Amino acid sequence: MRLGLALGYWGRGPSPDRLDLAREAERLGYDSVWTAEAWGSDAFTALTWIAAHTSRIKLGTAVAQMAARAPTTTAMHALTLDHLSGGRVMLGLGLSGPQVVEGWYGRPFPRSPLTATREYVDVVRQVLRREAPVRLDGRHHSHPYTGSDGTGLGKPLKPITHPLRADLPILLGAEGPKNIAQTLTIADGWLPLYWSPERWSEVYALPERLPEGFLVAPMVRAQLCDDVTAGLLPVKAMLGFYIGGMGHAARNFHADLMGRMGYEKEARRVQELFAAGRREEAVLAVPDAFADEISLVGPRQRIAERLDTWRRGPVTDLLVTSPDPATLRLLAELNA
């Protein structure tokens, strides 16, 4: 099981220690570093900055939002950074949800998310292979565009720049059962949001054998500390925001996943409190048991024992979210 550093997206502004964390992760032997985006900082610019200050560590987006860019644009970002970094890019993509797609990107959330995702990945792969001009008679991502509001002058094109790697890895953030099943067939890896090392088989219903070389790369919040309850608060804050603030009450994929993991009543309560502006209460309403199940928090021995349970499953890459260099060093030592 390889280790990765998940930096996420910026809050109010760039954290001054992120580059230092990425460099430390590279020094410790971490295999990858990952950036994200929501409705603030973008994933690729921050990743390019890290690429310029590192030499070996792989560079991933977890995730770049599909609604933010046409698939050809995303492919351009990936192939450009792959050249500049010497072939270190791993492209993680996510569809996001209706609240973000329509509220931030100003476009309709696809009525057939599975089809939209499949077409998006298809176009990206066509660009990276550069075998022929991009063509797709799609429902969401037609190339060339043939809609009635177009000129009809669109021409099939292939990238001027020759991609460094036709097989640049594509991973998908998927939460629903159908989306996960499709991910196993069209992507090189999967980026689970919440991962239970004890209950992953019942939560996700994965097949006994995954595709050869398929990556399973969940994120885990880690914190070396003596007080487990206090250490879980950042985990609960993250969960409260995702479950309460990243989706509509009637359609929230993160809350739905928490419900499938056995906490449906608690998930709805978090949503209610967050929607009412009672954010601190929403965070405290996240069950400690749930936060603990999907994280690595506590003293050294506790983390060591729990890390073993993560190794026993299908996880290939553990993407660690932690601002603490001591925690990163501990995990590198335990995973050596």
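These numbers come from a predicted model, not from an experiment.
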Under 3.5 Å: donor-acceptor pair, side chain of Thr61, backbone of Gly92: yes
Of all pairs that satisfy ring pair (Phe, Tyr, Trp, His ring centres under 6.0 Å), the ones with a partner from residues 15-36, not counting sequence neighbours: none
How many angstroms lie between OG1 in Thr117 and CD1 in Ile186, if you round to the nearest 0.5 Å? 6.5 Å
Checking Glu305 now: which residues fulfil salt bridge (Lys or Arg N to Asp or Glu O under 4.0 Å) with it, not counting sequence neighbours? none
Would you name the heavy atoms of Ser295 and Leu232 that are closest together and state the gap between them? OG-CD2, 3.6 Å
Check whether Leu47 and Met219 end up in the same hydrophobic cluster, where Ile, Leu, Val, Met, Phe, Trp and Tyr are linked by side-chain heavy atoms less than 4.5 Å apart. no
Do NZ/NE/NH1/NH2 and the carboxylate oxygens of Asp188 and Arg125 come within less than 4.0 Å? yes
Roughly how far, to the nearest 0.5 Å, is CH2 of Trp10 from OG1 of Thr35? 10.0 Å
Which pair of non-hydrogen atoms, one from Val228 and one from Pro299, has the smallest distance, and what is that distance? CG2-CD, 4.2 Å
dist Met66:CE -> Arg107:CZ (nearest 0.5 Å) comes out at 11.0 Å
Note: Glu175 and Asn179 closest approach over all heavy atoms is N-ND2, 4.4 Å
Heavy-atom side-chain proximity of Arg311 to Leu318 below 4.5 angstrom: no
What distance do Ser85 atom OG and Ile57 atom CD1 have between them, rounded to the nearest 0.5 Å? 12.0 Å
Would you indicate whether the side-chain heavy atoms of Pro325 and Asp20 approach each other to under 4.5 Å? no
Please name all residues satisfying side-chain contact (heavy atoms from CB on, under 4.5 Å) with Ala282, sequence neighbours left out, ordered by chain then number. Val270, Leu273, Phe274
Whether the Asp122 and Gln126 side chains hold a donor-acceptor pair (N or O, under 3.5 Å, no angle test) is what I'd like checked. yes
Is it possible for you to say whether Val216 and Val220 belong to one hydrophobic cluster, with membership spreading through side-chain heavy-atom contacts below 4.5 Å? yes
Does any part of the side chain of Leu93, heavy atoms only, come nearer than 4.5 Å to the side chain of Leu171, both counted from C-beta? no
Quick one: do Glu293 and Arg199 make a salt bridge, cutoff under 4.0 Å? yes
Do Arg23 and Leu19 pass the side-chain contact (heavy atoms from CB on, under 4.5 Å) test, and can you show the C-alpha distance, the side-chain angles, and the key distance before you say yes or no? CA-CA 6 Å; Arg23 286 168 161 171; Leu19 183 56; 4.1 Å; yes
According to the interplanar angle, ranging from 0 to 90°, do the rings of Trp195 and Trp200 count as parallel (below 30°), tilted (30 to 60°) or perpendicular (above 60°)? parallel
Would you confirm whether Thr185, through its side chain, and Gln182, through its main-chain N or O, come within 3.5 Å as a donor-acceptor pair? yes
Do Gln223 and Asp324 have side chains that get closer than 4.5 Å, going by heavy atoms? yes
Are Leu296 and Leu330 connected into the same hydrophobic cluster when the rule is that any two of I, L, V, M, F, W, Y join if their side-chain heavy atoms are below 4.5 Å apart? yes
Give the C-alpha distance, both sets of side-chain angles, the deciding distance and a yes or no for side-chain contact (heavy atoms from CB on, under 4.5 Å) between Leu3 and Leu331. CA-CA 8 Å; Leu3 294 178; Leu331 290 173; 4.1 Å; yes
Interatomic distance, Gln65 atom CD to Ser96 atom OG [nearest 0.5 angstrom]: 4.5 Å
Please confirm whether the ring centroid of Trp190 lies under 6.0 Å from the ring centroid of Tyr204. yes
Do the side-chain N and O atoms of Asn335 and Arg2 include a donor-acceptor pair separated by under 3.5 angstrom? no
Sequence-distant partners of Ala70, side-chain contact (heavy atoms from CB on, under 4.5 Å), two or more places apart: Thr72, Thr73
Do Leu284 and Leu233 have side chains that get closer than 4.5 Å, going by heavy atoms? yes
Would you check if the side chain of Thr151 reaches a backbone N or O of Leu153 as a donor-acceptor pair within less than 3.5 Å? yes
Minimum heavy-atom distance between Ser55 and Glu26, given as atom pair plus value: N-OE2, 3.0 Å
Electrostatic pair Arg27:Glu24 at N-O distance under 4.0 angstrom: yes
Can a donor-acceptor pair be found, under 3.5 Å and without considering hydrogens, that links the side chain of Thr183 to the backbone of Leu172? no
Side chain of Gln271, backbone of Ala255: donor and acceptor closer than 3.5 Å? no
Could you check Leu91 against Phe44 for side-chain contact (heavy atoms from CB on, under 4.5 Å), going step by step and ending with a plain yes or no? CA-CA 10 Å; Leu91 181 59; Phe44 288 104; 3.8 Å; yes
Please tell me whether Asp17 and Ser15 have a donor and an acceptor in their side chains that are separated by less than 3.5 angstrom. yes
Are Leu5 and Leu21 side-chain neighbours, meaning at least one heavy-atom pair lies under 4.5 Å? yes
Shortest non-hydrogen pair, Leu168 vs Ala78, comes out as CD1-O, 4.0 Å
Tell me, do Pro113 and Leu95 make a side-chain contact under 4.5 Å, heavy atoms counted? yes
Glu266 side chain vs Pro287 backbone, donor-acceptor pair below 3.5 Å: no
Identify, with sequence neighbours excluded, every residue that meets salt bridge (Lys or Arg N to Asp or Glu O under 4.0 Å) alongside Glu131. Arg129
Which ring pair (Phe, Tyr, Trp, His ring centres under 6.0 Å) pairs, counting each pair once, include a residue from residues 134-179, with sequence neighbours left out? Tyr120-His141
Evaluate Val320 against Leu328 for side-chain contact (heavy atoms from CB on, under 4.5 Å), listing each step before the verdict. CA-CA 8 Å; Val320 180; Leu328 299 181; 4.0 Å; yes
Is it true that, when you exclude Met76 itself, more than 12 heavy atoms of the residues, nucleotides or ligands shown sit nearer than 6.0 Å to its CE? no
Does the distance from a Lys or Arg side-chain N to an Asp or Glu carboxylate O, for Glu272 and Arg269, drop under 4.0 Å? yes
Any chain of hydrophobic side-chain contacts (each under 4.5 Å) joining Leu210 to Met90? no
Please check this pair: side chain of Ser322 against backbone of Thr327, looking for a donor-acceptor N/O pair closer than 3.5 Å. no
Tell me whether Arg69 is salt-bridged to Glu37, with the criterion being a basic N under 4.0 Å from an acidic carboxylate O. yes
Quick one: does Leu79's side chain get under 4.5 Å of Val127's, heavy atoms only? yes
Return yes if a side-chain donor-acceptor contact under 3.5 Å exists between Ser32 and Arg88, otherwise no. no
Determine, for Arg165 against Asp82, whether the closest basic-nitrogen to carboxylate-oxygen distance falls under 4.0 angstrom. yes
Expected output: side-chain Arg302 to main-chain Val297 donor-acceptor under 3.5 Å: yes
Please say yes or no: joined through hydrophobic side-chain contacts below 4.5 Å, possibly via intermediate residues, are Val286 and Leu257 part of one cluster? yes
Within this structure, what is the OG-CG distance for the pair Ser196 and Asp292, rounded to the nearest 0.5 Å? 10.5 Å
Are the ring centres of Phe290 and Tyr194 closer than 6.0 Å? yes
Does atom CG of Asp308 have more than 12 heavy-atom neighbours from other groups under 6.0 Å away? yes
